[in-house]
**Q** 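The structure's right below; bear with me while I get my questions together.
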Amino acid sequence: NAGVTQTPKFQVLKTGQSMTLQCAQDMNHNSMYWYRQDPGMGLRLIYYSASEGTTDKGEVPNGYNVSRLNKREFSLRLESAAPSQTSVYFCASRRGSTTEAFFGQGTRLTVV
Amino acid sequence: AQSVTQPDIHITVSEGASLELRCNYSYGATPYLFWYVQSPGQGLQLLLKYFSGDTLVQGIKGFEAEFKRSQSSFNLRKPSVHWSDAAEYFCAVAPGGLTGGGNKLTFGTGTQLKVEL
């Protein structure tokens, strides 16, 4: 009963490097989300995908791209990492509008 | 655009005392509302949710919340706090009904709860 799985759990990048954060859910959910969590700022929505084949910007999309690869997987890409992207990243999924979101355990990313 | 305000960044209560965490939302139509809890180093766990019907909803761990449309609020309450309730609490809002709002789910900035023994 895996739920929402994020990889990796920890990552250190140098400024300018690129990387992709992976997220997969095994609950057959339609909607998936990427958030970043910073102290005192709560969870801010980066991108979301209401259903397979669609993606939309959230509150803080600059510097990120996403891919909804299929119904299960939703990846977040940092093309050129910056220290301001140091954060904890959470992936979440929901079956639909009348259900709650389920969260992964997070990816702690440090950009030096 | 939808938004959530949690006015209290930190709250400290004594074990056994009652608790109320405030949440105000901004959304033009019927909202769906949620409270989540996050223990240190962990992901988020759902405490309770409101979609429609009875405005007082019960959740896990003895928590409850009341939806007040006139005040745009969804405050979380617990009659008697336990030391294990120390955590960060997040309120969230999503478009409700058949609005086709794309399922955007927006969180507040959180309230850190400290419990004194």
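Note on naming: letters A, B, ... go to the chains in the order of the sequence lines (proteins, then strands), and numbering restarts at 1 for each one.
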**Q** Report whether A/Tyr89 and A/Phe102 are members of the same hydrophobic cluster (ILVMFWY, side-chain heavy atoms less than 4.5 Å apart, transitive linking).
**A** no
**Q** Please tell me whether A/Met32 and B/Leu46 are part of a single hydrophobic cluster in this structure, the criterion being side-chain heavy atoms less than 4.5 Å apart.
**A** no
**Q** Do A/Val4 and A/Leu21 share a hydrophobic cluster, counting only Ile, Leu, Val, Met, Phe, Trp and Tyr and linking them when any side-chain heavy atoms are less than 4.5 Å apart?
**A** no
**Q** Can you see which heavy atom on A/Gln105 is nearest to which on B/Gly43, and at what distance?
**A** OE1-N, 3.6 Å
**Q** Ring centroid separation for A/Phe103 and B/Phe107, is it under 6.0 angstrom?
**A** yes
**Q** Rounded to the nearest 0.5 Å, how far apart are OG1 of B/Thr109 and CD of A/Gln37?
**A** 11.0 Å
**Q** Between B/Val37 and B/Val115, is there a shared hydrophobic cluster once you connect ILVMFWY residues whose side-chain heavy atoms come closer than 4.5 Å?
**A** yes
**Q** Below 4.5 Å, heavy atoms only, C-beta onward: do B/Lys49 and A/Thr99 meet side chain to side chain?
**A** no
**Q** So does A/Ala101 get a backbone contact from the side chain of B/Tyr36, meaning a donor-acceptor N/O pair under 3.5 Å?
**A** yes
**Q** Rounded to the nearest 0.5 Å, what's the gap from CG on A/Leu43 to CG on B/Leu105? Could you check?
**A** 9.0 Å
**Q** Do A/Val88 and A/Phe74 sit in one hydrophobic cluster, given that two such residues count as connected whenever their side-chain heavy atoms are within less than 4.5 Å of each other, even indirectly?
**A** no
**Q** Around atom CZ of A/Arg72, are there more than 12 heavy atoms from other residues, nucleotides or ligands closer than 6.0 Å?
**A** yes
**Q** What distance separates A/Arg44 CZ from B/Thr106 OG1, expressed to the nearest 0.5 Å?
**A** 13.0 Å
**Q** Give a yes or no on this: more than 12 heavy atoms of other residues, nucleotides or ligands lie within 6.0 Å of atom CD1 of B/Ile60.
**A** yes
**Q** Which heavy atom in B/Gln42 sits nearest to a heavy atom in A/Phe90, and how many Å separate them?
**A** O-CZ, 3.9 Å
**Q** With a 4.5 angstrom heavy-atom cut-off, is it the side chain or the backbone of B/Gln45 that approaches chain A, or both, or neither?
**A** neither
**Q** Looking at side-chain heavy atoms only, is the closest gap between A/Asp56 and B/Lys104 below 4.5 Å?
**A** no
**Q** Which region of B/Gln112, side chain (C-beta onward) or backbone (N, CA, C, O), has a non-hydrogen atom less than 4.5 Å from a non-hydrogen atom of chain A, or is it both or neither?
**A** neither
**Q** Quick one: pull up OH in A/Tyr35 and CG in B/Leu44 and give me the separation to the nearest 0.5 Å.
**A** 9.5 Å
